[in-house]
Amino acid sequence: MSAERLEGELTGFSFKSGDGGFAVGKIKIQTGAEVLAVGAIAHLYEGQRVVATGQWVNDGRFGRQFKIESCLVEEPRTLRGLERYLSAAIDGVGPELARRIVETFGLDALQVLEDEQERLAEVPGIGDKTREKIAVGWAEDRTGRALAITLKGFGLGPVACKRIATEFGKDALTVVQRRPYDLVKIKGIGFGTADQIARSSGVAKEDPARIQAAVGFCLEAAEDDGSCYLPEAVLLERLVKLDIPLDAARTELDRMAGFGRVARHGAPLEEHRAIFRPEVERMEAKVARSLEDRLRDVAAARAVDVSAAEVACKLELHTAQRAAVELALASGVSVITGGPGTGKTTILKVLLAAGRQRNEKWLCAAPTGRAARRLTESGGQEAKTLHRLLEFSMQSMKFTRDSSKLLEADGVLVDESSMLDLKLMAALLDALPAKCRLVLVGDVDQLPSVGAGQILRDCIDSGALPVARLTEVYRQANDSGIVRNAHRVNHGEVPLSGEKDEAGEVKDFFVLTREDAMDAQNLLLQVIQQRLPKLGFDPKRDVQVLTPMHGGILGTTALNERLQAALNPDGAPLVRGNRTWRVGDRVLQTRNDYDNDIFNGDVGSVRAVESGGLVIDFDGREVTLIGDSLDAIELAYAISIHKSQGSEYPAVIVAIHNSHFVMLRRNLLYTALTRAKRFACLVSSARAVRTAVGRAGGDERYTRLAARLRAGR
């Protein structure tokens with residue numbers, strides 16, 4: 001289909017995102033009619049003349065509109081359009097002042113602003129202060145236009161332009177022209193684009209600034225993948241892929257290490273000599289020292305006897321469980337780890353009861369809101385997210401609780417500690433009083449943290465910290481097909497569907513095999529819509545679909561579209577770009593939003609669509625999100641397995657397919673199955689399941705915390 005053309009004056013917006021991207025605009029065409037146009041035009045100003053290419057489409061709710069694919073902008077051609085433009089584009093010029101400027105200069109007003117600003121004195125009511133303010137506003141708008149033109153030449157659109165302008169302010173154009181490698185820090189740009197801009201300005205391959213930027217980019221990318229450093233050989237290999245000459249890279253790394261711009265660990269000829277960003281190296285070293293100090297400085301205040309706590313909880317611990325409680329009470333820092341059904345919840349109840357009987361104040365926390373709520377329910381006392389426990393400040397963007405304002409506690413228990421990353425662990429340790437016990441509880445066989453580090457695994461692998469390993473699956477838990485199959489997967493065995501598993505009477509786990517991805521998607525919808533309601537599960541409230549990836553037929557994007565259409569077709573919609581939310585949708589927050597006090601992993605329900613935004617209920621607290629805040633809201637009928645960490649759902653449907661091959665790992669499938677509380681169903685291809693259970697490891701991270709702890713023993 002060939003592109004069509006639309007010309008006219010932009011007269012206003014009916015919706016406009018806050019990121020300089022998507023908008024719904026009103027364009028007055030030659031006939032005098034106003035038409036709706038949608039696309040990446042939120043950066044434009046009313047009054048500008050638009051020459052757009054795209055397609056006419058019919059929207060089911062809003063009718064006929066022009067979907068813009070590309071857009072050129074010209075100066076206003078009408079007096080009214082010029083008034084709109086001046087009042088929208090220039091800070092300090094409102095509608096009335098814009099009218100007077102246009103009445104004085106007509107269509108020559110822009111030329112006066114550009115070359116003869118002293119003539120603004122001819123406009124009635126404009127004094128020196130107002131004239132100066134207009135001059136500054138015009139200069140800022142001119143800089144913005146120049147920035148947009150410059151970036152467009154490198155294939156960057158209005159969203160990138162807005163992000164750069166927000167990050168660097170009035171210096172944005174200077175940064176692009178003179179310090180292009182500073183752009184690497186901007187989301188969505190990266191080293192490749194910054195390098196393209198720099199190389200076009202004559203920067204040589206061997207330029208030190210270019211190599212330093214590439215080193216920083218590689219190390220930060222490794223941290224995004226969970227590592228704290230890169231071996232020097234791996235780093236050099238990645239630099240060469242970025243077209244950095246090898247000899248120049250080695251020379252510059254030596255210089256950077258000499259000036260402290262990178263931190264090195266190991267002798268020059270060591271195969272795995274580590275290269276850190278300095279702040280990450282210092283953080284890892286500080287965590288190791290703090291754990292070592294806590295091991296030395298905290299001793300049991302009295303003999304440990306947990307029998308009274310068992311009586312108070314009306315529980316009788318097995319030998320390994322009792323040993324775990326005693327270990328936690330007697331140690332400055334300890335780890336309790338085990339899989340499903342091994343009694344971690346029972347241990348937590350008795351441990352906290354024992355602390356109360358000893359007149360100790362214990363605080364409970366977890367990395368996510370859902371995990372904190374589960375801990376509150378199971379532990380019998382309030383638990384908080386670590387961000388809330390440490391009192392994160394939106395003003396300073398730092399934790400209020402630190403070495404200068406310590407937590408008031410005799411003990412701190414952190415559940416779901418497999419999710420702890422280096423940065424959060426460092427903040428927690430910084431806020432603990434000297435004699436405060438720290439207990440890390442978690443399943444080390446689950447997926448590691450999203451952020452850099454693998455705290456729980458390193459603490460265990462170091463051999464330096466007291467560890468209680470729970471291996472016995474107790475009888476009641478062993479009756480569950482979910483628990484049995486989770487352990488089968490963890491041992492490298494293919495899970496057994498309920499009709500083939502004769503070990504337990506409760507049939508709460510099933511495997512449904514489909515080799516074709518679309519067949520599997522259709523079957524998944526059938527299970528949710530038809531089979532689970534017969535078992536007493538509400539498809540919208542009780543069922544969570546988990547999948548390894550976002551793309552593809554069995555990815556979160558496609559599954560959410562079908563699940564929304566099937567489970568919530570009639571809710572009032574909000575459309576933003578290519579995304580649609582409806583009243584009644586289950587949604588997921590995908591990054592920390594400190595302004596609204598919601599965090600990555602929080603799940604809510606859309607209650608209303610108001611003023612171009614969403615009113616979302618996050619566990620009884622309603623939050624209104626508009627503009628950029630909506631970028632972090634996704635449908636949550638289907639979520640990635642990584643996003644499900646720390647959560648538990650009544651029923652879980654796991655989609656695993658050959659198309660997910662690159663992601664398939666034993667700990668991925670194990671984590672997915674352990675999210676189910678009462679029912680789990682695996683919709684999969686047989687080969688994908690065999691691949692997942694047979695592939696242990698494969699997602700190892702570069703960290704030195706375990707080695708540091710071993711060295712400090």
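Note that the structure is predicted; figures quoted are calculated from it, not measured.
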Legend entry - Basic-acidic side-chain contact under 4.0 Å: Arg100, Glu103: no
Inset, instruction - Rounded to the nearest 0.5 Å, what's the gap from OG1 on Thr53 to CD1 on Ile68? Could you check? - result: 8.5 Å
Inset, instruction - Kindly check if the number of other-residue, nucleotide or ligand heavy atoms within 6.0 Å of NZ (Lys67) is above 12? - result: no
Inset, instruction - Tell me, yes or no, whether the heavy-atom count around Lys540 atom NZ, taken from other residues, nucleotides or ligands under 6.0 Å, exceeds 12. - result: yes
Inset, instruction - Taking only Lys NZ, Arg NE, NH1 and NH2, and the carboxylate oxygens of Asp or Glu, determine whether Asp207 and Arg210 approach each other closer than 4.0 Å. - result: no
Would you give me the side-chain donor-acceptor pairs under 3.5 Å for residues 543-550, sequence neighbours excluded?
residue, atom, partner, partner atom, Å
Gln544, OE1, Arg586, NH2, 3.3
Gln544, NE2, Ala636, O, 3.1
Gln544, NE2, Tyr637, O, 3.1
Thr547, OG1, Leu554, O, 2.6
His550, ND1, Thr556, OG1, 2.8

Legend entry - Sole residue of Lys28, Gln30, Gln48, Arg84 in side-chain hydrogen bond (donor to acceptor under 3.5 Å, both in side chains) with Glu9: Arg84
Table please: side-chain donor-acceptor pairs of residues 522-532 below 3.5 Å, with sequence neighbours left out.
residue, atom, partner, partner atom, Å
Asn522, OD1, Arg562, NH1, 2.5
Asn522, ND2, Met518, O, 3.3

Legend entry - Polar side chain donor-acceptor pair, Ser659 to His657, under 3.5 angstrom: yes
Legend entry - His387 atom NE2, over 12 foreign heavy atoms within 6.0 Å: yes
Legend entry - Sequence-distant partners of Tyr181, ring-ring contact (aromatic ring centres under 6.0 Å, His included), two or more places apart: Phe191
Legend entry - side-chain contact (heavy atoms from CB on, under 4.5 Å) partner of Leu625, the single match among Val606, Ile598, Val615: Ile598
